[in-house]
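Worksheet for the structure shown next.
Side chains are part of it too, since the values below use all heavy atoms of this structure and drop only hydrogens, waters and symmetry mates.
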Amino acid sequence: MAYTQTLWAVSDLHAAVKANGPEIDSIQPRHPSDWLIVAGDVAERTELVLEVLTKLRRRFACVIWVPGNHELFCRSGDRAKGRDKYDELVEGCRLIDVLTPEDPYPVFAGRTIVPLFTLYDYSFRAPGRTVEQAVQAAHDVQVVMTDEFAIKPFVDVRAWCWDRLAYSIKRLGRVSGPTILINHWPLVYEPIGKMPWPEIGLWCGTRHTRTWAQRYGAEQVIFGHLHMPGITEVAGIPHIEVSLGYPREWESYPPDRPWPYPVLEVEHAG
């Protein structure tokens with residue numbers, strides 16, 4: 001029997017928010033062979049992240065997860081902090097058969113699906129400002145992301161970002177053929193430029209990924225983080241934000257918005 005297999009994508013589920021529960025429950029495959037991309041910000045606590053991913057993995061033939069900033073949030077009393085928390089999440093995902101940026105890249109309908117983890121390095125800042133000046137300017141207008149208090153104290157974020165860039169480039173260089181790139185943070189600045197507070201850009205990625213979509217054969221780029229779902233085309237390549245976000249946000253989205261987002265559909269003759 002003929003059927004359609006779909007690669008779906010979501011991000012920014014924020015499962016600790018009670019009102020998001022029914023929305024997460026609504027993430028269902030149309031066919032048992034469907035795959036699901038989860039582009040970060042599932043929750044803050046490792047246990048809850050893995051609980052949600054376990055439920056999704058039971059529904060979909062394959063689940064691919066990349067971390068967002070919320071998964072990396074730490075408190076001083078946490079057993080795993082900074083880079084160790086990411087390692088803890090990766091280990092947990094492997095126990096429940098969820099793919100991460102540390103695993104071999106899967107292939108869906110001839111496209112290599114590339115989960116990335118690049119973080120941010122404050123390089124999306126006003127020209128002429130140092131990192132310290134840009135962060136102080138954000139503090140001055142009271143536009144500062146929680147990352148400054150829940151990630152930065154536990155790890156050198158810029159150094160980690162640069163390590164992740166080098167690691168990702170090395171792996172991407174071995175990939176041939178068309179790809180679909182997945183990252184929590186946007187790979188280009190254009191989506192960030194639509195935000196009302198340019199200071200937020202400090203915590204929204206790195207300028208060093210700008211050409212990756214073209215360099216590595218991306219047909220599409222999937223991301224989250226901004227809570228501004230939509231499509232931004234850059235150099236002819238669609239960069240698609242697939243966020244759910246918080247109730248005050250998703251309640252205002254158009255009712256016909258495609259979510260989960262169907263990244264790719266393949267017809268099978270059966």
Discussion item. Would you say that Glu249 contacts His14 through its side chain, given a criterion of any heavy-atom pair below 4.5 Å between the two side chains?
Written reply: no
Worksheet entry | Rounded distance [0.5 Å steps], CH2 in Trp65 versus CG in Leu56 | 13.0 Å
Worksheet item: Is there a donor-acceptor pair closer than 3.5 Å between any side-chain N or O of His184 and the backbone N or O of Ala39?
Response: yes
Discussion item. I want to check something: taking the side chain as every heavy atom from C-beta on, are Thr206 and Leu165 in contact at a cut-off of under 4.5 Å?
Written reply: yes
Discussion item. Salt bridge check, Arg75 against Asp78: does any charged N sit closer than 4.0 Å to a carboxylate O?
Written reply: yes
Worksheet item: Can you check whether Val66 reaches Thr100 side chain to side chain, under 4.5 Å on heavy atoms?
Response: no
Fill in: Heavy atoms from other residues, nucleotides or ligands near CD of Glu91 exceed 12 (cutoff 6.0 Å)
no
Worksheet item: Below 4.5 Å, heavy atoms only, C-beta onward: do Arg94 and Glu102 meet side chain to side chain?
Response: yes
Discussion item. Are Leu99 and Leu13 linked, directly or through intermediate hydrophobic residues, by side-chain heavy-atom contacts shorter than 4.5 Å (ILVMFWY only)?
Written reply: no
Discussion item. Nearest 0.5 Å, please: how far is OG in Ser243 from NE2 in His227?
Written reply: 5.0 Å
Response to the item:
Note: Ile96 and Arg57 closest approach over all heavy atoms is O-CG, 3.5 Å
Practice prompt. Decide whether Val38 and Trp259 are clustered together by the hydrophobic rule: side chain heavy atoms of Ile, Leu, Val, Met, Phe, Trp, Tyr closer than 4.5 Å, transitively.
Written response: yes
Worksheet entry | Asp156 side chain vs Ala159 backbone, donor-acceptor pair below 3.5 Å | yes
Item to complete: Give, for atom OG1 of Thr232 and atom CD1 of Ile237, the distance between the pair rounded to the nearest 0.5 Å.
Response: 13.0 Å
Discussion item. Can a donor-acceptor pair be found, under 3.5 Å and without considering hydrogens, that links the side chain of Trp8 to the backbone of Val263?
Written reply: no
Worksheet entry | Phe117 and Tyr86 aromatic ring geometry - parallel, tilted or perpendicular at 30°/60° bounds | tilted
Item to complete: Apply side chain to side chain contact (heavy atoms under 4.5 Å, CB included) to Phe124 and list each qualifying residue two or more places apart in sequence or on a separate chain.
Response: Tyr189, Ile192, Arg207
Practice prompt. Kindly indicate whether the side chain of Tyr105, heavy atoms from C-beta on, has any atom under 4.5 Å from the side chain of Arg111.
Written response: no
Item to complete: Find out whether Pro191 and Val188 are in side-chain contact, i.e. whether some heavy atom of one side chain is under 4.5 Å from a heavy atom of the other.
Response: yes
Item to complete: Give a yes or no on whether Arg257 atom CZ has more than 12 heavy-atom contacts from other residues, nucleotides or ligands under 6.0 Å away.
Response: yes
Fill in: Joint hydrophobic cluster, Leu172 plus Val221, side-chain heavy atoms closer than 4.5 Å
yes
Worksheet item: With no hydrogens and no angle check, is any side-chain donor or acceptor of Asp147 less than 3.5 Å from a backbone partner on Lys152?
Response: no
Worksheet item: Are side-chain heavy atoms of Val10 and Leu244 found at a separation under 4.5 Å?
Response: no
Discussion item. Please tell me whether Lys81 and Ser76 have a donor and an acceptor in their side chains that are separated by less than 3.5 angstrom.
Written reply: no
Worksheet item: Would a line drawn from the ring center of Phe108 to the ring center of Trp35 be shorter than 6.0 Å?
Response: yes
Worksheet entry | Main-chain N/O of Leu226 paired to Glu241 side chain as donor or acceptor, under 3.5 Å | yes
Could you give the side-chain donor-acceptor pairs of residues 44-53 under 3.5 Å, partners two or more places apart or in another chain?
from, atom 1, to, atom 2, distance (Å)
Glu44, OE2, His70, ND1, 2.5
Thr46, OG1, Glu88, OE1, 2.8
Glu47, OE2, Arg79, NH1, 3.1
Glu47, OE2, Arg79, NH2, 2.8

Practice prompt. Looking only at non-hydrogen atoms, find the nearest pair between Gly82 and Cys74 and report the distance.
Written response: N-SG, 3.5 Å
Item to complete: Considering only Ile, Leu, Val, Met, Phe, Trp and Tyr, and joining two whenever side-chain heavy atoms are under 4.5 Å apart, list the other residues clustered with Leu95.
Response: none
Discussion item. If hydrophobic clusters are built from ILVMFWY residues whose side chains come within less than 4.5 Å, do Val131 and Tyr120 share one?
Written reply: yes
Worksheet entry | Residues Arg158 and Asp121 bridged, charged N to O under 4.0 Å | no
Discussion item. Within the 4.5 Å heavy-atom criterion, are Thr112 and Tyr216 side-chain neighbours or not?
Written reply: no
Worksheet item: What's the verdict on side-chain hydrogen bond (donor to acceptor under 3.5 Å, both in side chains) for Glu265 and Thr4, showing C-alpha distance, side-chain angles and the deciding distance?
Response: CA-CA 6 Å; Glu265 295 179 333; Thr4 301; over 6 Å; no
Worksheet item: Has Lys170 got more than 12 heavy atoms of other residues, nucleotides or ligands less than 6.0 Å from its NZ?
Response: no
Discussion item. One thing to verify: whether Arg59 and Asp34 come together as a salt bridge, which I'm taking to mean a side-chain N less than 4.0 angstrom from a carboxylate O.
Written reply: no
Discussion item. Would Arg210 and Glu190 count as a salt bridge (Lys or Arg N to Asp or Glu O under 4.0 Å) here? Give the steps.
Written reply: CA-CA 10 Å; Arg210 174 155 191 89; Glu190 280 80 348; 2.7 Å; yes
Discussion item. Taking Trp212's backbone N and O only, do any of them form a donor-acceptor pair with Thr209's side chain (distance below 3.5 Å, no angle check)?
Written reply: no
Discussion item. So for atom CD, which belongs to Gln142, do other residues, nucleotides or ligands contribute more than 12 heavy atoms lying within a distance under 6.0 Å?
Written reply: no
Worksheet item: Do you know the tightest heavy-atom contact between Ala218 and Leu181?
Response: CB-CG, 3.9 Å
Response to the item:
Correct closest heavy-atom pair for Ile231 and Lys194 would be O-NZ, 4.1 Å
Worksheet item: Is it the case that one hydrophobic cluster holds both Val90 and Phe73, taking links as side-chain heavy atoms less than 4.5 Å apart, direct or via other members?
Response: yes
Worksheet item: For the atom pair CD1 (Ile37) and CD1 (Ile240), what is the distance rounded to the nearest 0.5 Å?
Response: 9.5 Å
Response to the item:
Taken to the nearest 0.5 Å, the spacing of Leu72 CG from Lys85 NZ works out to 7.0 Å
